[in-house]
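The next block holds one structure in the form of C-alpha cells; read it before the comments.
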Amino acid sequence: MNVVSAIKKNALAAAAPIMIVVLLLAISPATRSVEAIASLLRQGFAPAVLGWGVLFNMKVGNWDFSIGARFVLASIVAGNMAMGMRLGVLGVVVLCIVLSLIMGVAVGLAYRFLKIPTLIVSIGICLIFESVTRIIYGGAGTHLTPEYMILGTLPYEVIVFIICFAVAAYFYYKNKLGYNVRAVGSNPTVAQTNGISALNTKTKAIIISGLFAGLYCIMTLSRSSVCSAVSGTLGSAATVFDAMMCVLIGMAICGKGNIIFAIYSGALITQVLKMGMMAIGLPTSYNKVIIAAFVVLFMVISSYSDDLKKVFSKRRAGAAA
Amino acid sequence: GSDSTSVSAGTSSADQSAPAQLSDDGNASSAAGADASKEEKIKIGMIWYGNTDAMGGTFYSWANHAAEILNVELIWKLGSYTTADELTDCENLISAGCQGIYFIPMDTSANLQLGTACQNAGVYWSISNRQISDEEILAACEANPYFVNRIYDNSYDVCKEMVKVLADQGIKKVCVLTGDPNDGMMVERNQGFADGCEEYGVEVLAESRLVSGDASANVNSVNNFLTLYSDMEGILAASGTAGVGEGIITALNASGREPGSVKVAAFDTFDGNQEAFEQGWIAASCGGYTSECLVSFLSLVNRVRGNEISDQVAVWSLSPLLITSTEEMEIFSKYVDNPDVQLYSDELIKSLVGPDVTAEDYQAVLDDWNIEFVKEAVGI
Amino acid sequence: MIDIIRKIVPIAGLIILFVLFSVTTSGMFLKWNNLQSLILQSAITMVAAVGTAFVMAHNNLDFSLGGACAMSCVFAYLIVGNNLWLFFLMCIVIGVLCGLFSAVLHIKGKVPAFIAGLCLMFAGRGIAESVCSTQSMLLVQAAALNHIGFFIIVLVIVVAVGVLLFNFTKIGKYQKLIGTNPKAAELSGISVSKYKTIAFVLSGLTLGIAACLTVVRSPNIVSSIGTNLETNVLLALSLGGMSMTGGSSSKMRSAVIGTLIFYILNNGLTLWGLDANYVDIVKAAFFLFTVTISIDRSQYEVIV
Amino acid sequence: MYKDFGPTKAVTDMTLELKRGVVTGLVGENGSGKSTISSMISGVYPPTKGTMTYKGQPYSPKSVLDARKQGIQYLTQEQGTIDGMTVAENMFLGEEESLGKKGIVNIKKINARSAEILKENGLENVIPTKMVDDYSFEERKMIETARALSHQPEILIIDETTTALSQKGRDRIYEIIAEQKAKGTAVLIISHDLDEVKHLCDEVVVMRDGIYINTLTGGDIEPHNIRQNMIGREIDGSYYRADYECSYDEEVVLEVRNLSVSGIFEDISFELHKGEILGIGGLSECGMHELLKTVYGALKPSSGSVILKKNGVQLKNTTVSVKNKIAYIPKDRDKESLFQATSIKDNIVTAALDKLKKGFIITPSSERKMADKEAANIEVKMRDIEQQVRDLSGGNKQKVVIAKWMANDSRLFIMDCPTRGIDVGVKEKIYKLMNRLKNEGIAILMVSEEMMELIGMADRIITMKDGKLSKEFERSAGLTESTIISAIV
Ligand SMILES: Nc1ncnc2c1ncn2[C@@H]1O[C@H](COP(=O)(O)OP(=O)(O)OP(=O)(O)O)[C@@H](O)[C@H]1O
Ligand SMILES: Nc1ncnc2c1ncn2[C@@H]1O[C@H](COP(=O)(O)OP(=O)(O)OP(=O)(O)O)[C@@H](O)[C@H]1O
Ligand SMILES: [Mg+2]
Ligand SMILES: [Mg+2]
C-alpha cells in the first residue's frame, strides 16, 4: 500500500525523464546500451546534488548567487591542501565539506548580521570569493591526481550519490529545518508567530546549501579532476543558474511526490536534452533555449494544474457547506 | 640595431649571470637599457582577460618583470570579456594617465572602439593574438596614427597541421570540441580543424562547444562522444586551457578504453599533458604564443618612449609551436608549467626598447620561436 | 534620525565618493574627459535601470535583461541587417516584445516573474550563441555615435520620461501600490495585470534602448553582448536605495544615483591604480557597507 | 505594563489579572491596546516597561514558543496557518521534532497525533494529510484552535477570533471556553461584540487609549455600561436609523441577473435602487461575501450578469466598476483594501487619480489637497497625511478606506461587514455617513453578519442560505432578529 502510494505520488517525476530517454533511444541507436544509459544516469548525479542545495534556498525565498563561487573556492583549496599534505581521498572529502560549510556560514552570518537582502549579500560575497579564487595559489586552480578520484568511479560514485540523496532527504523531510524552510517560504509572518525565526531559518538554508556545495565539489572533482579559478566578474553565476533550472524542472514535475527525487529527474532531463541534441546533430548552443522552453512549459502546466485542483477542491468544499 | 641572432644568442643562459653579461653584450642593447632607466617613468594600461590560465598567468608575470626592467608603471584591468567592458577599462585607464594601452581585442569592433578612444586622447595602443577580420575596421585602424602594431598567430595553419598529424596516424573519424565562435581566434581554429579534416579525409562525427572553466561540462561532452560514437578514433579540441584538456583526459581515462585508442589533438597546453602524451592519449598539442603578447607590449613601450620604427602600423605574426612527441612536450612543459620562468632575458627585453630598434628585430624574436629556443632558454 | 540618515545615504555616498576621488586623484577624476567617460560608461546600466525600476516597484525582479539584450540585438540584425536606425528601432521593438513575453508568462502563464526572466535570459543567450556561431554581425556605423552628445540626449530623455511616468502618472503610482498590496490594488479598481504588463513593457523598452547603446559601445554583435546587465542593474538599484520588495518607498532617483555610484567607484579605483586582483573585493565591500546602512528594514516583513 | 512603538504609546500603565477558571473580557475602542497587551503576555514582543508574574514567579517570555511551553496560548486576529503545508504540519509548526527521536521529524506520528487532536475537538472531517488551504477560513481557524487546545493551556487568549466565524463556529468556541473554564484555565477574550462579552465573561476589563479604565463584574457587565466605560461618555443605544420606513427612489441603479459562481452561490437576482440601503444577511459560508465580490467585478461569475442601469455597462472587472463610481469596502480590511506601508495620502487618492489628471500628469499638490479634504471630512485621527496607514488603529484604517471611496465621488457603495472589528464610536460615524449617503440618493449594498445592523440600517433585507436567495424583508418596525435568523439557518 505504502509502496503503491509512493509510486503513484512520484509517477510524474519518474515518467518525465523516462519519456525523454525513450525519445532519445528512438532517435539515436547508439544510446541503446546499458553503458549509455548508465553514463546518462551518472551525468545527472552532480547537478542534482547542487540542485538540492539550491532547493533549500529557493524554497525559503533566498537568492543565493554565491553558491557557484563557494563551490569553486572550496574545490580549489580542498584539492590543493589535500594533495599538498597528502591527506588522501578522505582528506579531500572532509576538506570540501568543511570549507564549503565554512563559506556557507560566512554568507549566512553576513546575511544574519548585516540584515540585508540575500540577493545583495550573496552577490557581494560572490565577488569576494571569486576574487579569492584568482588570488589564492596564484590563480592556478587545482588538478587532482588519479588516486584522489576514486569516488568518481563505479561503484563509489553511486554510493556517494545515494549518501547525498539520503542526506538531502533527511534534511528536507526528516529534520526540523526542512519544515521550517517550507513554513517560512510560504508565510514568514505566521511562521514567526509560531516561534520559527525567519531570519534564522533563512540563514540555516544558506548554510545547509554549503553542505551540498561541498558534496558537489567532491562529485565534480572526482569526475573531472580539475577546477579552475573563476574568470570574469560573476563568472560563477552560470553554475547557479544551471542549478536553478534543474530545481525549477524538479518542482514542476514533483507534484505531491518527493522533491529530492524530482530534482534528480530534472537534472537528468537537462543532461538527456544535451545528449539528444548532440545525437541529432544540433549545435549544443541550442541547449539553453530548449532547457528554458522546457522550464517555462513545465511551470505553466504545473501552475494551471494546481489551479484546476484548487477549483475542484473549492467546489467540493462549497458543495459540502 | 644589432643583428637579431646575436641578441637571441645573448639570451641563452638567461638570468643567473645578468650583471656579467650586461657589460660584454652588444652596444645597442646596453645603451637602450641605460636610456630606459634614466628616462621618466611611463604608464601603460594593460587590459587583460585574466591571470589564471597558462598564457594569462605567464604574460602577467612577464609583463610585470619587463616593466620593472624598463622602468614602466603598469595598471592592469583584469577580467573584461566584452568589448563594452574593455572600452570602459580603456577609458578609465586613459583617465588614469596611461600613455599606452595594450589589449587583446575581444572582438573585431574592440579595435575600432578602443582605438578611437586612444586616438581622441592621444594615447598609443597595440594589440596581439588577433587578426582584424573586418576590412572597414582594418582600414580605420591602419589610418589611426596612434596604433603601433598588431600581431597575430596563424592558428589556422597549425590546426590544419594537427589534423594532419592525426590523419598520418591513420585516424579517420573524429569528434570536435569547438571554441567560442565570437572569438576571432577561435573561429580560425575551428575553421582550421574543419578545413584540415576535409583536406586529409577525416570525418567529423559530432561537434560540441567546449566550456572554458567548467571541467565537468567537458567531461560530459566527451562521455557523450564516447557513448554516441563508438567508432570515434580521435578528438580535436580548439582549446585545452581552463580545465578543458584536463577534463578530456580524465574522461578518457575513466572510460575504460585502452590508453591511446582515442587520439587527442588539442590547442593549448594544460596541466598533466606530459603524462597524457606518455600514455598515448595525446597525439598533438600546440601552444606558446605568449611571446607575441610580450613583443606587442615592448613595441608599445618603445613607441611611448618616442621611438618610431615606422610611420605605419607594424604587422607581425607568430607560428605557435606544434608539439608531437613526448620529448618536445617535456621541454615545453618546463616552461609552460611555470609562469615564473622568464623565457626572455633582461638584455633581450632591454634591447627591444630603444631608438635603434627596427621592425625586423621584433619579427626576428617571433621567428625565433621554436622548440629549440625553448630548450635553450630553460636550460636543458 | 536613523531614518533620515538612511534616506540620505545613497546620495551622501555618491557625494562622498565624488569628493574622495576628486581629492585623491590629483585632478584626474574631475577632468572633463573623465566625467565624459563616466557618462558614456554608466549610460547602458542607467537606461536599463530606469525601466527596471517600474518592475521592481511592483515587487518583481526582471532577470531577463542580459539575455534579452543579446537576443534583441541578434534578432534586430537578422531582420533589418545593416541599416543602423532601422536596427535601433527593431532593437527597441524586440526589447518591448521581450518585456511583453515576460509579462504574459508571468500573468497569463502564472509563472513567477523571476523564473520567466531567468528563462528568457537563458534562451536569449542560447539563441545569440547559436546565431553568432554561424554569422558575423557588425554595425560599424554605430561606432560613430559613441559620443557624449548622443549619450546625453538619450539619457536625459530616458531619465526625464522615467521620472515623469514614475512620479506623476498613474503608471508609476500604481506600480508602487501594487508592490505594497496587489490584492487591495485590484479591489481598488486598479487593473493589476495591465499595469504589471506596462511595467514589463517599459522595462523592455529601456532594455531595447540599452541594447542600442550597447551596440554603439561595441558594434560587433557577439553572444556575450550585455553580459551581467541584469546583475549590474540590480546592484545599481540597490545601491541607490531601492527596496528589493518594491512598494511605496521605491524612488526613481535610485536608478540614477545607484548607477553613478557603481561606475564612479569602478572609475575611481582605476584612477588609484588599485591592484586589479583586489578591485572586485573593494567594490563588494563597498556594496555591502552602503546597503547595510542605507536599507530601510521596515519595508521588509522579513528580509528577503 | 508599558509598550511604545516608536512615538506611539500603545499601552501605558496597564494592569491586568487573570485567574484560574475565570473568563475575563478585554474591551476597548480600536487601537486602545488590547492586542498589544495580549502580544506581550504571549511573548510576541517584550514590554517597554513593567513586569509580569505567572503562577507566583516572575515571568518574561523570550519568544512565542517560550510562552507556549509555559502554557500560554494566543489565538490572534489574523490567519495563523500556513498555506502549502498539510494540516498536520501546521498543527506542529515550530514543534516538528517533538514526536520524533533526537533531531528526526516523525511525520507518521505527527499525522496520527493530529488526527487525534482534531477528533477531540470535533473536527473529524478534517484530514491531517490534506493541504490546509483546501479548507475554508473558518475551518482553518478551528484547526488553529484545536492546535492551541492540544497544548493544555493554562492561559488561553482569544483575540477577536469570533468576529470571523459563523454562528456555528462561534457556538463551538463558546463551548470550548466553557470547557476550559471548567478545567481551570484562565481565559482572556477580546471582542467588540458586547452581547457576546456579556454572555461569556465573569469579569470585564475596559481599556481606553492604552490605559486601564475599570473592571466590571457580575451585573455591571451590561453593554450599555461597558460602552460608557469604553468611550467615557454617555451614548444613546440607538445609533441606527431612526425611521422605520422603507424609503427609496423607484429608479433602478444596479441590476443583478441570475448570477452564479459555481460551487459557491447560484442564480441570484435582485435590483438596487437609488437611495436604497439593501442589506444581505446569511451565515458566513452562505456565499454572500463572494456575491458582493462578484457584483463588484472582483470575482468572475460562471453565469449571469451585473448591469449598471443608467448606461447598460456590465461590471466585468473592478476597473470598470471604479470608473463607474462604484465603491467596495471589503470585509478583510488589512489584506484587501489598505496599502499598509504607504501614506494615508496615497491610500486616499488611489481610486480617484483620474479626477486629478491634467493631461496624464498628476501633481503632488493636487493629491495632497484631495487627501487633506477627505481625511478631514471623515475625521481620520492621524499625525499628518504622510503618516503610514499601518500605524493607525482598526477604526481609523476603516475611515481611510471610506475616504478613498468618497474621494472618487462614488455613487454606489458595496460594503462587506463595514463595521467588523470596529468600536462603537466609529461605528456610529459610519452609520451616520450611510444615512447621509442614502439621503443624497446614493445606493448602498451591504452584507452584514450582525442582524441588528441589518435591521437597523437596511431598507430591504435579502437573506441567503447555502448559496441561494431564501427570503426578502422590507424595513419595518416589527422586524426582529429571530425572523431573519429563521430565514438563514
Ligand atoms: N507594530 C506596531 N507598530 C506601531 N504601532 C503599533 C504597532 N502595533 C500596534 N500599534 C499601535 O498601537 C496602538 C494599539 O494597537 P492594538 O492593536 O493593541 O489595538 P487594539 O486595541 O487591539 O485595536 P483593535 O480593536 O483595532 O484590534 C494603536 O495605535 C496601533 O496603531
Ligand atoms: N476567491 C475565491 N475563489 C473561490 N473560492 C473562494 C474564494 N474565496 C473564498 N472561497 C471559498 O468560499 C467559501 C467561503 O469562504 P470565506 O472564507 O470567504 O467565507 P466567509 O463567509 O467570509 O467566512 P468567514 O466569516 O469565516 O471569513 C470557502 O469555501 C472558501 O474557500
Ligand atoms: Mg486588536
Ligand atoms: Mg463570515
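Within every chain, numbering begins at 1; the chains are lettered A, B, ... in the order of the sequence lines, protein sequences first and strands thereafter. Since the structure is predicted, the reported quantities are computational estimates derived from the model, not experimental observations. Only heavy atoms go into these numbers, but all of them, side chains included; no hydrogens, no water, no symmetry mates.
- Crowding of C/Q135 atom CD: a count of heavy atoms from other residues, nucleotides or ligands under 6.0 Å exceeding 12.
- Shown here is B/E142, whose CD atom has more than 12 heavy atoms of other residues, nucleotides or ligands within 6.0 Å.
- Residue contact with chain B, scored on non-hydrogen atoms closer than 4.5 Å, is absent for C/L38.
- At a threshold of 4.5 Å between non-hydrogen side-chain atoms, the residues B/L87 and C/N146 count as touching.
- Between C/N220 and B/M106, every side-chain heavy-atom pair lies at or beyond the 4.5 Å cut-off.
- Interface check for chain B: of the options C/S224, C/A276, C/P219, the most heavy-atom pairs under 4.5 Å are formed by C/P219.
- Heavy atoms closer than 4.5 Å to chain C are found in the side chain of B/I75, but not in its backbone.
- Around the CD atom of B/E136, the shell of radius 6.0 Å holds no more than 12 heavy atoms that belong to other residues, nucleotides or ligands.
- A distance of 10.5 Å separates OG1 of B/T82 from CG of C/L229, quoted to the nearest 0.5 Å.
- When B/T88, B/T116, B/L78 are compared by the number of non-hydrogen pairs under 4.5 Å with chain C, B/T88 comes out ahead.
- In this structure the side chain of C/V140 reaches within 4.5 angstrom of the side chain of B/L112, judged on heavy atoms.
- Of the two parts of B/I137, only the side chain, counted from C-beta on, holds a non-hydrogen atom closer than 4.5 Å to a non-hydrogen atom of chain C.
- Separating the OG atom in C/S218 from the CG atom in B/D107 is a distance of 6.5 Å, to the nearest 0.5 Å.
- Here B/N92 is the residue among B/I94, B/L74, B/N92, B/T83 with the most heavy-atom pairs under 4.5 Å with chain C.
- Here CG of C/N277 is found 5.0 Å from CG of B/N51. Values are rounded to the nearest 0.5 Å.
- Note on C/V279, C/N266, C/L269: by heavy-atom pairs under 4.5 Å with chain B, the leading option is C/N266.
- C/A143 and B/Q113 get closest at one heavy-atom pair: CB-OE1, 3.0 Å.
- Of the listed residues (C/L271, C/I44, C/L274), the one with the most heavy-atom contacts under 4.5 Å to chain B is C/L271.
- Residue B/N120 holds its CG atom at 8.5 Å from NE2 of C/H147, rounded to the nearest 0.5 Å.
- Residues B/S95 and C/N34 have side chains that bring a donor and an acceptor to within less than 3.5 angstrom of each other.
- With a 4.5 angstrom heavy-atom cutoff, C/D275 touches chain B only via side-chain atoms.
- Remark: side-chain polar atoms of C/Q41 are not paired, donor with acceptor, to backbone N or O of B/D89 under 3.5 angstrom.
- The closest side-chain donor-acceptor pair between B/K77 and C/T270 falls under 3.5 angstrom.
- Using a 4.5 Å cut-off between heavy atoms, C/E129 touches chain B through backbone and side chain atoms alike.
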